[in-house]
Amino acid sequence: MISKTISSQTETSNLGNYQDIYNSFQWQEAEQHFTWNETGRVNMGYEAIDRHANSDKANKVALYYSDQIRNEEYTFQEMKDLSNKAGNVLKDIGVAKGDRVFIFMPRTPELYFLLLGTLKLGAIVGPLFEAFMEGAVKDRLEDSGAKVLVTNPELLGRVPVEELPDLEKVLVVGNEVKEDAKLIDFYERFDGASKSLDIEWVDREDGMILHYTSGSTGKPKGVLHVHNAMIQHYQTAKWVLDLRDDDVYWCTADPGWVTGTSYGIFAPWLVGASNVIRGGRFSPDDWYQTIEENKVTVWYSAPTAFRMLMGAGAKVIEKYNLSSLRHVLSVGEPLNPEVVRWGMEVMNLRIHDTWWMTETGAQLICNYPSMEIKPGSMGKPIPGVVAAIVDDQGNELPPNRMGNLAIKKGWPSMMRAIWNRPEKYQSYFLPGDWYVSGDSAYMDEDGYFWFQGRVDDVIMTAGERIGPFEVESKLVEHPAVAEAGVIGKPDPVRGEIIKAFISLRDGYELSAELEEDIRNFVKKGLAAHAAPREIEIKDSLPKTRSGKIMRRVLKAWELDLPTGDLSTMED
Ligand code: 6R9
């Protein structure tokens with residue numbers, strides 16, 4: 001473990017002196033900014049878009065959109081008009097406050113108009129990954145009792161319309177849609193829709209967005225967030241994303257993942273930043289080009305994406321100019337030291353790790369531009385957030401002891417419910433008002449948090465606790481290893497042994513020598529007891545759409561167990 005601290009590259013930042021602000025900050029300060037300060041009511045659609053359209057930012061570009069075919073720009077004024085039009089289309093087909101409107105379509109500007117239009121009506125939006133198959137779509141629409149679904153002609157075949165009694169209308173975004181009792185043609189109505197819409201002013205505790213996420217067992221759960229979350233989206237856009245007026249910001253996440261809404265829509269627009277959205281599939285050339293062409297200054301992505309770019313090699317990156325970048329951030333999984341090194345090499349910037357969850361709604365533990373960074377640590381809690389390591393009874397543990405990463409209840413963007421499942425919601429909390437994340441971690445004597453793994457993934461081998469992440473990180477440093485997933489495999493002698501699933505980089509083939517070499521590499525780099533006893537090669541590893549290696553699937557394969565819910569798994 002690397003323990004020396006380094007200063008971040010940005011000397012000035014919106015956060016200023018972390019410790020001073022941490023000691024004095026109250027969330028009430030951030031609340032001043034929004035309409036409820038004057039009226040007691042609010043609406044995310046207004047705060048993200050209309051507020052700026054009604055200011056001197058009206059003609060500033062809000063959205064730079066591109067994919068293989070389209071290349072478009074929209075100002076805040078245009079976003080206001082177009083989201084109002086989309087809102088009117090939805091209103092005309094009966095959408096009202098509290099209704100669930102699901103969006104199942106690829107990233108295009110229309111998705112964003114419709115999502116914002118839904119919010120302006122006070123309805124609750126449920127974004128779905130376009131890669132979901134019929135079963136996954138059905139589960140989510142059924143559980144949430146969705147009244148309207150927005151989709152396109154290509155995906156419509158995966159919507160079992162007849163089996164969903166609550167689903168009243170399906171709005172189809174495409175050419176030549178044949179309308180019937182349920183199917184509605186979006187463009188037909190959008191073109192003529194009015195640009196003015198009365199915002200539905202809501203209470204800050206009213207429902208805003210429903211993100212389905214899977215646990216280790218059972219069906220996916222609907223995590224409900226309310227408009228109040230905007231306080232934290234706004235504040236972290238300043239402190240953590242470090243957004244300033246002239247920034248061009250790009251978050252690579254899809255809105256089907258919480259990162260693609262909290263930080264792909266809300267945070268950047270709440271502070272009035274220009275937001276880049278790239279549609280289409282991942283390709284290293286497209287991604288680098290997106291940075292170059294838009295002169296992206298702040299970039300938020302995930303380790304899995306960084307590793308894919310890394311794997312594409314230096315030849316690709318040399319073709320592009322990435323010098324516009326000022327601040328780069330990561331979320332979703334542990335940020336391997338290997339990735340940080342790559343970032344320093346190719347961008348001359350340190351990638352800043354941020355930790356949070358679907359359930360937490362916004363960033364909680366982070367590395368800020370203005371603080372001393374300990375490489376490998378997730379950083380420190382943002383001001384206004386209290387984090388600790390607790391045991392299973394909710395007692396706080398002293399520094400350097402591994403336990404449950406827990407957050408004191410009461411941060412603004414915390415989930416407010418698991419849809420239809422109050423008992424599931426309650427199961428997240430321990431006495432002392434601790435929200436328990438399901439991650440294991442420790443805190444060092446300086447208050448930095450170090451991720452160890454999901455609680456249920458920790459491996460006990462011959463009495464030693466091994467975090468799978470540490471082993472995976474070491475494995476991917478080996479030149480032959482592209483990706484690695486590590487599990488504990490039950491063993492009569494050792495309790496568990498470490499088994500590694502790996503995929504190899506191009507040009508490598510597994511041989512007895514290579515296997516031995518990889519094992520020795522981990523032994524030397526980490527510890528003898530951390531070296532995988534078994535290594536198995538896969539073409540690719542099972543991952544979620546947000547890039548997390550699904551260890552539970554590896555474990556199920558290994559032990560011949562049912563794999564559980566696979567709807568969040570990448571194709
Ligand atoms: C935003 C998001 C949450 C889980 C979380 C943890 C893992 C997220 C991380 C990280 C190590 C980080 N995770 N950020 N692990 N370092 N910086 O990812 O939400 O998809 O709900 O996942 O992701 O295990 O508990 P979600």
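Remember, it's 1-based here, ligands and their atoms both numbered in the order they're listed.
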*Asks:* Quick test: of every protein heavy atom, which one is nearest to atom 12 (C) of ligand 1, and how far off is it to 0.1 Å?
*Replies:* Glu333 O, 3.5 Å
*Asks:* Within the structure, is a non-hydrogen atom of Phe469 found at a distance of less than 4.0 Å from ligand 1?
*Replies:* no
*Asks:* With distance as the sole test, does Asp247 use its side chain to make a donor-acceptor pair with the main-chain N or O of Ser274 at under 3.5 Å?
*Replies:* no
*Asks:* If hydrogens are left out, which of Thr354, Val331, Leu335 has an atom nearest to atom 17 (N) of ligand 1, that is, the closest non-hydrogen atom?
*Replies:* Thr354
*Asks:* Check contact between Pro334 and ligand 1, using heavy atoms of the residue and a distance below 4.0 angstrom.
*Replies:* yes
*Asks:* Can you report which non-hydrogen protein atom sits closest to atom 26 (P) of ligand 1, along with the distance?
*Replies:* Thr358 OG1, 3.5 Å
*Asks:* May I ask you to decide if the ring planes of Trp27 and Trp239 are parallel, tilted or perpendicular, using 30° and 60° as cut-offs?
*Replies:* tilted
*Asks:* Is there a polar contact, in the sense of an N or O pair closer than 3.5 Å, between Thr213 and ligand 1?
*Replies:* no
*Asks:* Can you list the ligand 1 atoms lying under 4.0 Å from a non-hydrogen atom of Met357?
*Replies:* 3 (C), 5 (C), 19 (O), 21 (O), 25 (O)
*Asks:* What is the nearest protein non-hydrogen atom to atom 9 (C) of ligand 1, stated with its residue, atom name and distance?
*Replies:* Trp355 CD1, 3.6 Å
*Asks:* Mind checking whether Phe129 and Phe132 have parallel, tilted or perpendicular rings, split at 30° and 60°?
*Replies:* perpendicular
*Asks:* Answer yes or no: does an N/O atom from Thr259 fall short of 3.5 Å to an N/O atom of ligand 1?
*Replies:* no
*Asks:* Can you tell me the protein heavy atom closest to atom 20 (O) of ligand 1 and the distance?
*Replies:* Trp257 NE1, 2.9 Å
*Asks:* Does only the side chain of Phe451 get under 4.0 Å from ligand 1, or the backbone, or both, or neither? Count heavy atoms.
*Replies:* side chain
*Asks:* If we only count N/O pairs under 3.5 Å, is Ser330 in contact with ligand 1?
*Replies:* no
*Asks:* Below 30° counts as parallel, above 60° as perpendicular, anything between as tilted: where do the rings of His233 and Tyr263 land?
*Replies:* perpendicular
*Asks:* In the protein, which heavy atom is nearest to atom 24 (O) of ligand 1, and how far is it?
*Replies:* Asp439 OD1, 2.9 Å
*Asks:* Students should be able to answer this: which protein heavy-atom is nearest to atom 22 (O) of ligand 1, and at what distance?
*Replies:* Lys548 CE, 3.1 Å
*Asks:* Report the residue from Lys499, Arg551, Arg552, Lys538 that forms a salt bridge (charged side-chain N to carboxylate O under 4.0 Å, His left out) with Glu558.
*Replies:* Lys499
*Asks:* Evaluate the side-chain proximity of Lys221 to Tyr212: yes if any heavy-atom separation is below 4.5 Å, no if none is.
*Replies:* no
*Asks:* Under 3.5 Å, side chain of Ser262 to main-chain N/O of Gly361, donor-acceptor pair present?
*Replies:* yes
*Asks:* Which residue and atom name correspond to the protein heavy atom nearest atom 7 (C) of ligand 1, and how close is it?
*Replies:* Gly332 O, 3.3 Å
*Asks:* Would you check whether Ser546 has a nitrogen or oxygen atom less than 3.5 angstrom from a nitrogen or oxygen atom of ligand 1?
*Replies:* no
*Asks:* Examine distances only and state if a side-chain atom of Thr297 and a backbone atom of Val248 form a donor-acceptor pair shorter than 3.5 Å.
*Replies:* yes
*Asks:* Centres of the Phe469 and Trp450 rings: under 6.0 Å?
*Replies:* no
*Asks:* What part of Asp353 sits under 4.0 Å from ligand 1 if we count only heavy atoms: the side chain, the backbone, both or neither?
*Replies:* side chain
*Asks:* Would you say the side-chain atoms of Glu445 pair up with the backbone N or O of Pro399, donor to acceptor, closer than 3.5 Å?
*Replies:* no
*Asks:* Over all heavy atoms of both residues, which pair between Ala62 and Trp269 is shortest? Give the atoms and the distance, please.
*Replies:* O-NE1, 2.9 Å
